[in-house]
Amino acid sequence: VDCQVVGNTSDGVYGGSLKDTPGSSLTLTRCVVSGNGQDGINATYTPVSVDSCNVSFNRNGVNALNYSSPAVSVVVRNSLIQTNQTAGLNCYGYMVLTVVSNTISENVDGLVLELNQDASTKLSDEGISGNVIRRNDLGIKNRSANRVLVIGGGDITLNTTYEVKNEGSAALVLDGNSWGTGVASE
């Protein structure tokens with residue numbers, strides 16, 4: 001709570017070492033994670049909660065990776081995730097995902113989703129909602145397969161190449177979002 005993790009040559013916060021500790025999780029509240037040489041927050045195999053944080057000027061902002069079952073909880077809310085060199089928020093693998101009321105801006109890829117097909121992998125009841133995703137090269141990149149993902153109530157605008165690019169076979173339901181003009185959707 002109320003921490004600053006700034007200027008490391010590697011990851012700012014690394015939660016991967018918690019994977020062998022049952023019941024452990026990584027929680028950051030009102031933290032500044034900035035200017036780190038790799039991921040701002042690396043939550044490999046680890047349940048993670050990021051709330052009211054500023055995650056900026058890292059290689060990846062928040063990198064949530066879980067390569068094997070069971071699914072872990074990944075919650076990112078009320079945070080500013082901006083100006084990271086690759087992905088602002090990268091979600092890969094087995095997880096129960098909540099992404100609510102964030103501003104994700106000025107990254108190469110804003111929100112990247114590559115969720116596993118396992119039944120334990122899903123969006124939480126809050127899901128992906130109320131986010132401002134703008135001024136990235138690509139706003140939302142989906143690589144998930146064989147599921148329906150609902151992303152709503154957000155402001156997805158002014159992304160350079162695509163607002164949303166669906167590279168997976170998952171159906172995207174994007175009702176209730178505000179959209180920019182003059183940018184392609186795929």
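Fair warning: this is a prediction, and the values are worked out from it, not measured in the lab.
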Using the side-chain hydrogen bond (donor to acceptor under 3.5 Å, both in side chains) rule, take N63 and N90 through it: C-alpha gap first, then chi angles, then the decisive distance, then the call.
CA-CA 5 Å; N63 205 7; N90 183 41; 2.7 Å; yes
To the nearest 0.5 Å, how far apart are CG in D2 and OG1 in T29?
8.5 Å
Residue pairs passing the salt bridge (Lys or Arg N to Asp or Glu O under 4.0 Å) test with at least one member in residues 129-146, sequence neighbours excluded, are D109-K141, E114-R143, R143-E167
Spacing of CZ belonging to F57 relative to CD belonging to Q85, to within rounding of 0.5 Å
10.5 Å
With sequence neighbours excluded, tell me which residues meet ring pair (Phe, Tyr, Trp, His ring centres under 6.0 Å) with Y92.
Y67
Are V112 and V55 linked, directly or through intermediate hydrophobic residues, by side-chain heavy-atom contacts shorter than 4.5 Å (ILVMFWY only)?
no
Out of curiosity, C91 SG to N116 CG, how far, rounded to the nearest 0.5 Å?
13.5 Å
Are V13 and V76 in one and the same hydrophobic cluster, where Ile, Leu, Val, Met, Phe, Trp and Tyr link if side-chain heavy atoms are under 4.5 Å apart?
yes
E163 side chain reached by I140 side chain, heavy atoms, under 4.5 Å
no
Which heavy atom of N54 sits nearest a heavy atom of S56, and at what distance?
OD1-OG, 3.1 Å
Kindly write out the residues that satisfy side chain to side chain contact (heavy atoms under 4.5 Å, CB included) with S68, not counting sequence neighbours, or none if the list is empty.
Y45
So which pairs with a foot in residues 94-104 pass salt bridge (Lys or Arg N to Asp or Glu O under 4.0 Å), sequence neighbours left out?
none
Indicate yes or no for a side-chain donor-acceptor contact from D118 to the backbone of S120 under 3.5 Å, with no hydrogens or angles considered.
yes
Please report the interatomic distance OG(S101) to CG(N78), rounded to the nearest 0.5 Å.
5.5 Å
Within residues 115-138 or reaching into it, pairs that qualify as ring-ring contact (aromatic ring centres under 6.0 Å, His included) - sequence neighbours excluded:
none
Answer yes or no: is there a side-chain heavy-atom contact under 4.5 Å between L28 and L26?
yes
Besides V150, the hydrophobic cluster formed by Ile, Leu, Val, Met, Phe, Trp and Tyr side chains linked at under 4.5 Å, directly or via other members, contains V148, V173
What residues, two or more places apart in sequence or in another chain, satisfy side chain to side chain contact (heavy atoms under 4.5 Å, CB included) together with N177?
I156, L174, W179
N102 (side chain) donor-acceptor with S79 (main chain) under 3.5 angstrom:
yes
With clusters defined by side-chain heavy atoms of hydrophobic residues (ILVMFWY) lying less than 4.5 Å apart, directly or transitively, does L111 cluster with L149?
yes
Determine whether L172 and L113 fall in the same hydrophobic cluster, where Ile, Leu, Val, Met, Phe, Trp and Tyr are linked whenever their side-chain heavy atoms lie under 4.5 Å apart.
yes
So ring-ring contact (aromatic ring centres under 6.0 Å, His included) across residues 137-161, not counting sequence neighbours, yields none
To the nearest 0.5 Å, what is the distance between CD1 (I133) and CG (L158)?
12.5 Å
Using 0.5 Å steps for rounding, measure from the OG1 atom of T103 to the CG atom of L80.
6.0 Å
Suppose we screen for disulfide (SG to SG under 2.5 Å). Which residues come up paired with C53, at least two apart in sequence or across chains?
none
Donor on one side chain, acceptor on other, N58 and N84, under 3.5 Å
yes
Show me the donor-acceptor pairs within less than 3.5 Å that the side chains of residues 122-130 make with the rest of the protein, sequence neighbours left out.
{"unit_1": "S124", "atom_1": "OG", "unit_2": "L97", "atom_2": "O", "d": "3.4"}
{"unit_1": "S124", "atom_1": "OG", "unit_2": "T98", "atom_2": "OG1", "d": "2.5"}
{"unit_1": "S124", "atom_1": "OG", "unit_2": "E126", "atom_2": "N", "d": "3.2"}
{"unit_1": "S124", "atom_1": "OG", "unit_2": "G127", "atom_2": "N", "d": "3.1"}
{"unit_1": "E126", "atom_1": "OE1", "unit_2": "R77", "atom_2": "NH2", "d": "2.8"}
{"unit_1": "E126", "atom_1": "OE2", "unit_2": "R77", "atom_2": "NH1", "d": "3.1"}
{"unit_1": "S129", "atom_1": "OG", "unit_2": "E126", "atom_2": "O", "d": "3.3"}

With sequence neighbours excluded, give me every salt bridge (Lys or Arg N to Asp or Glu O under 4.0 Å) pair touching residues 64-75.
none
Shortest non-hydrogen contact from N159 toward N136:
OD1-N, 2.9 Å
Is there a side-chain contact between V48 and T46 in this structure, where contact means two heavy atoms from C-beta onward sitting under 4.5 Å apart?
no
If we check side chain to side chain contact (heavy atoms under 4.5 Å, CB included) with I41, which of these qualifies: V62, L89, I81?
V62
In terms of heavy-atom contacts, N8 and V5 come closest through ND2-CG1, 3.4 Å
If we count only N and O atoms by modelled type, under 3.5 Å, do the side chains of N66 and Y94 hold a donor and an acceptor together?
no
Compare every heavy atom of N36 with every heavy atom of G40, then report the nearest pair and how far apart it is.
CA-ND2, 4.4 Å
Is a side-chain donor or acceptor of N60 paired with a backbone partner of A87 at a separation under 3.5 angstrom?
yes
Pairs flagged by salt bridge (Lys or Arg N to Asp or Glu O under 4.0 Å) wherever residues 35-52 is involved - sequence neighbours left out
D39-R59
